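In this text, all values refer to a predicted model and were calculated from it rather than measured experimentally. Quick note on labels: first sequence line is chain A, next is B, and so on, each numbered from 1.
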Amino acid sequence: MTKKKMFTSLFRLNDIERSNFFCLGREKIRGKIKGKWGNDVSIGCKCTIFAMFQRIINRRVNKTKTKVVSLHVSPPKPTFFLSCRNFTTQSSSALDTATAAADIANLVLESDPKSLRGSLHGLQVQFTPELVDKVLKRLWFHGPKALQFFKHLEYHPSYAHSSSSFDHVIDIAGRMRDYKTVWALVARMRSRRIGPSSKTFAIIAERFVGAGKPDRAIKVFLSMREHGCRQDLHSFNTILDILCKSKRVEMAYNNLFKVLRGKFKADVVSYNIIANGWCLIKRTPKALEVLKEMVERGLTPTITTYNIVLKGYFRAGQIKEAWEFFLQMKEREVEIDVVTYTTMVHGFGVVGEIKRARKVFDEMVGEGVRPSTATYNAMIQVLCKKDSVENGVLLFEEMIKKGHVPNLTTYNVVIRGLCHAGNMEKAMEFMERMKTDGCEPNVQSYNVAIRYFCDAGDIEKGLNMFEKMGQGSCLPNLDTYNVLISAMFVRKKSEDLVVAGKLLLEMIDRGFLPRKFTFNRVLNGLLLTGNQGFANEILRLQSKCGRLPRKFKL
DNA sequence: GACACTCCAT
């Protein structure tokens with residue numbers, strides 16, 4: 001039987017065109033294929049089926065102008081969904097890309113590494129940089145799979161990677177501390193004349209800093225020109241910022257800023273970055289010193305400069321100084337902006353000064369400054385934490401009434417507040433509400449729900465949430481696994497510990513490295529409940545993991 | 001992807 005013949009026959013079996021949503025159980029497919037062709041068709045390989053349907057549909061599409069939107073292989077139920085929609089316009093291409101990215105990401109997650117290349121090349125999908133980037137984003141928390149996907153596509157006959165895809169995958173490799181791959185990718189970018197750009201170096205530098213190697217980050221910056229990339233004030237400020245944000249101001253200031261500020265003609269932004277760095281480690285006096293130096297050099301502070309200092313006072317717990325500084329800003333007729341007000345609201349709120357926070361919040365409107373979503377988020381959060389969730393929710397409804405658009409943070413803040421107050425039901429309502437509001441819950445949203453369900457002893461619901469995120473567009477992160485694994489010890493049930501073991505295996509498979517503590521805990525648990533075999537399996541894996549990097553930053 | 005405001009709990 002030739003492949004071509006097989007496809008056309010299968011094609012005849014299913015009248016895809018007639019319905020907009022078409023679904024077949026695995027058994028049905030197996031039955032039909034077996035019935036028709038005997039045993040010579042392997043249904044075991046999902047990718048084969050996947051590719052087959054894709055071809056069939058594409059062929060059909062050309063004749064009938066029906067566009068295929070997606071083809072899902074959805075675990076854990078072994079069901080294949082083929083969904084088709086009729087399009088009259090071309091305007092839905094963004095939606096197409098999103099769905100296609102989801103499908104391809106699922107295909108990559110499900111495929112055996114060996115057969116992945118074949119299935120990717122078999123897909124009759126026109127790969128574009130946007131699509132590839134979206135797939136990589138979806139595979140963000142599954143580093144090894146993301147790298148595989150990228151690698152296999154490099155040999156694709158009709159697609160070449162873009163610089164942004166390279167940047168993404170360099171970031172992922174950096175996170176996994178696979179520096180050999182990082183530099184190999186940089187070299188490939190260069191040979192293809194699509195980079196590396198200053199953004200690429202920023203990514204690499206940040207990963208080195210995240211891995212506790214700030215000196216190597218600096219080296220990366222200094223070596224930019226060797227790799228054929230120009231250095232300028234922008235890239236100088238970027239590396240300063242990366243170091244400062246990771247609390248390495250001292251190093252940024254002494255080893256880089258002082259040495260090279262002349263060469264790059266350091267500007268207000270450079271000084272702001274350094275000042276902010278000192279503020280981040282609560283050394284506000286140092287920040288003021290740097291800013292004084294800046295003024296002496298003839299540079300004029302901007303509103304950002306003031307906002308940095310203001311936040312610095314709050315961060316250092318100097319509430320009185322913050323208030324006085326705020327008054328001074330007014331006196332000096334600095335144009336106070338929404339960031340200033342947001343900083344004030346949040347600063348007062350976190351120390352429990354709800355009334356003063358509210359006063360500032362009300363005052364800004366009078367001053368003609370419209371609160372931003374961030375301002376509402378700050379106010380709602382402090383109400384939830386220091387006042388009551390009810391008032392937080394009230395303000396949430398009020399902001400919507402006034403035409404402000406809540407974002408992910410808004411929802412997460414409210415959901416966390418509700419969970420904390422023990423109102424899981426309402427929290428779940430908000431979870432649904434955000435979805436209908438076009439605001440897909442992210443890892444944090446799920447993690448909060450999972451954590452509080454488990455804390456309340458509702459392990460089943462926690463696991464349920466975990467499964468839900470798997471079905472959605474959201475992959476679990478290190479936190480998710482840690483929370484869930486800990487929860488598996490609460491009931492002291494043997495089955496729970498097996499689940500803990502499985503979760504441990506899954507997280508390793510996804511490129512996360514469990515802490516030693518987690519390993520030992522799971523191992524002890526399994527041994528105590530008589531799961532010797534499973535424990536041994538994990539033990540073997542642990543010795544393998546010893547050679548892997550310590551901790552991944554996500 | 002040059003700076004400032006909003007998302008945990010260990």
Side-chain angles (χ1 to χ4, degrees), chain A residues 163-164 167-168 171 196-206 221 231-245 252 264 266-277 279-280 287 290-291 294 299 301-312 314-315 336-347 349-350 360-361 364 369 371-385 399 404 406-417 419-420 434 439 441-452 455 477-480 482-483 486 515 517:
Chain A
S163 55
S164 77
D167 283 346
H168 271 125
D171 200 11
S197 67
S198 42
K199 187 180 164 184
T200 317
F201 285 97
I203 289 166
I204 301 171
E206 193 167 337
F221 170 72
Q231 281 175 327
D232 54 12
L233 182 58
H234 268 250
S235 49
F236 179 59
N237 286 340
T238 307
I239 182 72
L240 287 177
D241 194 45
I242 290 170
L243 289 166
C244 287
K245 292 255 166 71
F264 289 108
D267 63 353
V268 198
V269 177
S270 325
Y271 280 95
N272 284 347
I273 290 167
I274 297 290
N276 190 43
C279 288
L280 285 174
V290 170
L291 294 175
M294 174 182 95
L299 293 166
T302 60
I303 179 67
T304 304
T305 317
Y306 288 100
N307 288 337
I308 286 168
V309 175
L310 185 66
K311 181 76 190 174
F314 275 120
R315 216 186 313 256
I336 294 173
D337 68 358
V338 60
V339 177
T340 320
Y341 282 112
T342 307
T343 307
M344 292 299 292
V345 167
H346 189 249
V350 291
V360 175
F361 184 79
M364 67 187 290
V369 181
S372 66
T373 304
T375 321
Y376 273 100
N377 293 350
M379 195 65 226
I380 292 172
Q381 191 206 160
V382 300
L383 283 174
C384 288
K385 278 190 169 170
M399 82 179 272
H404 289 91
N407 60 16
L408 238 161
T409 307
T410 326
Y411 279 105
N412 283 349
V413 160
V414 174
I415 290 172
R416 181 169 291 122
C419 286
H420 196 76
M434 69 192 289
C439 198
N442 68 353
V443 210
Q444 273 102 350
S445 332
Y446 282 107
N447 285 355
V448 171
I450 292 173
R451 171 170 280 130
Y452 280 94
D455 278 358
N477 68 5
L478 190 66
D479 270 349
T480 323
N482 282 335
V483 169
S486 314
R515 288 171 300 183
F517 169 77

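Side-chain proximity of A:Asp241 to B:dC3, B:dC8, B:dC5: nearest is B:dC3. Here the side chain of A:Arg416 is nearest to one of B:dA2, B:dC3, B:dC8, namely B:dC8. Closest to the side chain of A:Ser372, out of B:dC5, B:dC7, B:dA4, is B:dC5. The side chain of A:Glu206 lies closest to B:dG1 when the candidates are B:dG1, B:dC3, B:dC8. Distances from the side chain of A:Ile203 to the nucleotides B:dA4, B:dT6, B:dG1 place B:dG1 closest. Side-chain atoms of A:Asp267 lie closest to B:dA2 of the nucleotides B:dC5, B:dA2, B:dC8. Distance from the side chain of A:Ile308 is smallest to B:dA4 among B:dA4, B:dT6, B:dA2.
Contact between the side-chain N/O atoms of A:Gln444 and the OP1/OP2 oxygens of B:dT6 is not found at any separation under 4.0 Å. The side chain of A:Tyr376 contributes no N or O atom lying less than 4.0 Å from OP1 or OP2 of B:dC5. Residue A:Lys245 has a polar side-chain atom (N or O) positioned under 4.0 Å from OP1 or OP2 of B:dA4. A:Lys311 has no side-chain polar atom (N or O) that falls below the 4.0 Å cut-off from OP1 or OP2 of B:dC3. Note on A:His346: every side-chain N or O is 4.0 Å or more away from OP1 and OP2 of B:dC5.
Note: A:Thr238 OG1 to A:Leu243 CG = 11.0 Å, rounded to the nearest 0.5 Å.
Residue A:Arg451 is classed as a base contact, given a heavy-atom separation below 4.0 Å to a base. As judged by a 4.0 angstrom heavy-atom cut-off over every strand, A:Leu408 is placed among residues making no nucleic acid contact. Using a 4.0 Å heavy-atom cutoff across all strands shown, A:Val413 reaches sugar-phosphate atoms only and no base atom. Contacts of A:Tyr452 with the nucleic acid, taken as non-hydrogen atoms under 4.0 Å apart, involve only primed sugar atoms and P, OP1 or OP2. If you check every strand for non-hydrogen atoms under 4.0 Å, A:Asn482 touches nothing.
In this structure, A:Phe264 and A:Phe236 have parallel ring planes: the angle between them is below the 30° cut-off, well short of the 60° mark.
Residues A:Phe314 and A:Thr343 meet the side-chain proximity criterion, which asks for heavy atoms closer than 4.5 Å. You'll find the side chain of A:Thr409 stays beyond 4.5 Å of the side chain of A:Gln444, heavy atoms only.
Atom CD1 in A:Ile303 sits roughly 11 Å away from atom C1' in B:dC5 (whole-Å rounding). Counting to the nearest Å, the P atom of B:dG1 and the CD1 atom of A:Ile273 are 14 Å from each other.
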